[in-house]
Amino acid sequence: MENQDTYKLLFIYNANSGLRNALLDSAHKILSPATYDCNLCDITFGVFSENTGWKQFREGSKVPMEFLHKDEFTQQYASKFGYKFTFPVVLAVTHDKLEVLVGTQVLNDLKSAEELIQLIEEHVGW
């Protein structure tokens with residue numbers, strides 16, 4: 001994928017938005033981390049705060065990034081584009097389409113934010 005073709009990166013968590021869901025997700029991370037369903041959440045955020053290395057990467061990126069929960073994505077994008085994705089997922093938003101940049105299985109196999117950063121840099125061409 002060429003950097004100039006990418007309008008922004010869209011990160012979609014396998015979790016729903018809202019305070020109640022955030023509290024349940026945090027509890028799930030603490031009580032049963034092996035069964036937590038959102039590795040994207042897990043590697044970019046700890047239980048209470050954003051991963052420091054990830055935050056530095058995100059803030060220093062030349063490509064705009066948007067972060068959505070799956071219910072927010074469905075509201076904003078699914079009807080417009082007609083796509084169905086599994087979550088979590090990282091999408092490249094171009095002028096006329098959404099393209100999978102990092103799929104669910106790859107995201108679920110990652111062990112750290114550094115691995116995610118490396119994948120993004122390789123795909124976007126930095």
Side-chain angles (χ1 to χ4, degrees):
M1 168 152 313
E2 295 297 321
N3 190 14
Q4 62 268 20
D5 293 338
T6 303
Y7 170 67
K8 70 179 170 184
L9 298 180
L10 185 58
F11 295 78
I12 303 134
Y13 299 111
N14 189 29
N16 286 318
S17 62
L19 180 59
R20 179 178 176 274
N21 289 316
L23 293 173
L24 289 172
D25 286 343
S26 292
H28 194 164
K29 282 183 187 180
I30 294 168
L31 299 173
S32 186
T35 62
Y36 188 64
D37 288 333
C38 186
N39 200 43
L40 177 60
C41 301
D42 203 30
I43 62 176
T44 59
F45 278 84
V47 175
F48 300 108
S49 64
E50 188 172 11
N51 174 291
T52 303
W54 172 254
K55 183 177 181 178
Q56 289 172 346
F57 169 75
R58 180 182 55 76
E59 289 177 345
S61 174
K62 296 175 185 166
V63 176
M65 298 180 190
E66 182 177 0
F67 298 84
L68 297 173
H69 296 88
K70 62 185 178 183
D71 61 322
E72 296 166 326
F73 170 77
T74 302
Q75 281 183 322
Q76 293 181 33
Y77 288 92
S79 61
K80 177 180 177 183
F81 289 93
Y83 292 117
K84 294 188 179 185
F85 297 103
T86 57
F87 304 106
V89 67
V90 180
L91 303 173
V93 181
T94 60
H95 296 290
D96 60 350
K97 65 181 178 177
L98 299 175
E99 182 179 328
V100 175
L101 186 73
V102 183
T104 301
Q105 188 58 51
V106 173
L107 279 171
N108 286 338
D109 289 341
L110 295 176
K111 303 291 185 229
S112 67
E114 291 75 20
E115 289 180 357
L116 176 58
I117 291 167
Q118 182 178 358
L119 265 178
I120 291 169
E121 288 175 340
E122 288 171 3
H123 283 38
V124 178
W126 290 319

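Reckoned from all heavy atoms, side chains included, excluding hydrogens, waters and symmetry mates.
The closest side-chain heavy-atom distance from Leu110 to Leu107 is below 4.5 Å. Proximity of Leu9 to Val124: side-chain heavy atoms (C-beta onward) are separated by under 4.5 Å at one or more points. Inter-residue side-chain proximity for Leu40 and Leu116 is flagged as met; some heavy-atom pair is nearer than 4.5 Å.
Note on Lys8 versus Glu66: salt bridge recorded, some NZ/NE/NH1/NH2 to OD/OE distance being below 4.0 Å.
Considering CD1 of Ile43 and CD1 of Ile117, their distance stands at 9.0 Å, rounded to 0.5 Å. Note that the OG1 atom of Thr44 and the NZ atom of Lys55 stand 12.5 Å from one another [nearest 0.5 Å]. Distance check, rounded to the nearest 0.5 Å: CZ of Phe85 to OG1 of Thr104 gives 9.5 Å. Note that the CG atom of Leu68 and the OG1 atom of Thr74 stand 9.5 Å from one another [nearest 0.5 Å]. Once rounded to the nearest 0.5 Å, the distance linking CD1 of Ile12 with CG of Leu98 reads 7.5 Å. The CG atom of Asn14 lies 10.5 Å from the NE2 atom of His69; values are rounded to the nearest 0.5 Å.
Side chains of Gln75 and Asp71: a donor-acceptor N/O pair is absent below 3.5 angstrom, by distance only. A donor-acceptor contact closer than 3.5 angstrom links the side chains of Glu122 and Gln118.
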Worked verdict on Leu10 versus Phe73 for side chain to side chain contact (heavy atoms under 4.5 Å, CB included): CA-CA 9 Å; Leu10 185 58; Phe73 170 77; 3.9 Å; yes

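Between Phe67 and Trp54, the two ring planes are perpendicular [angle over 60°; tilted spans 30° to 60°].
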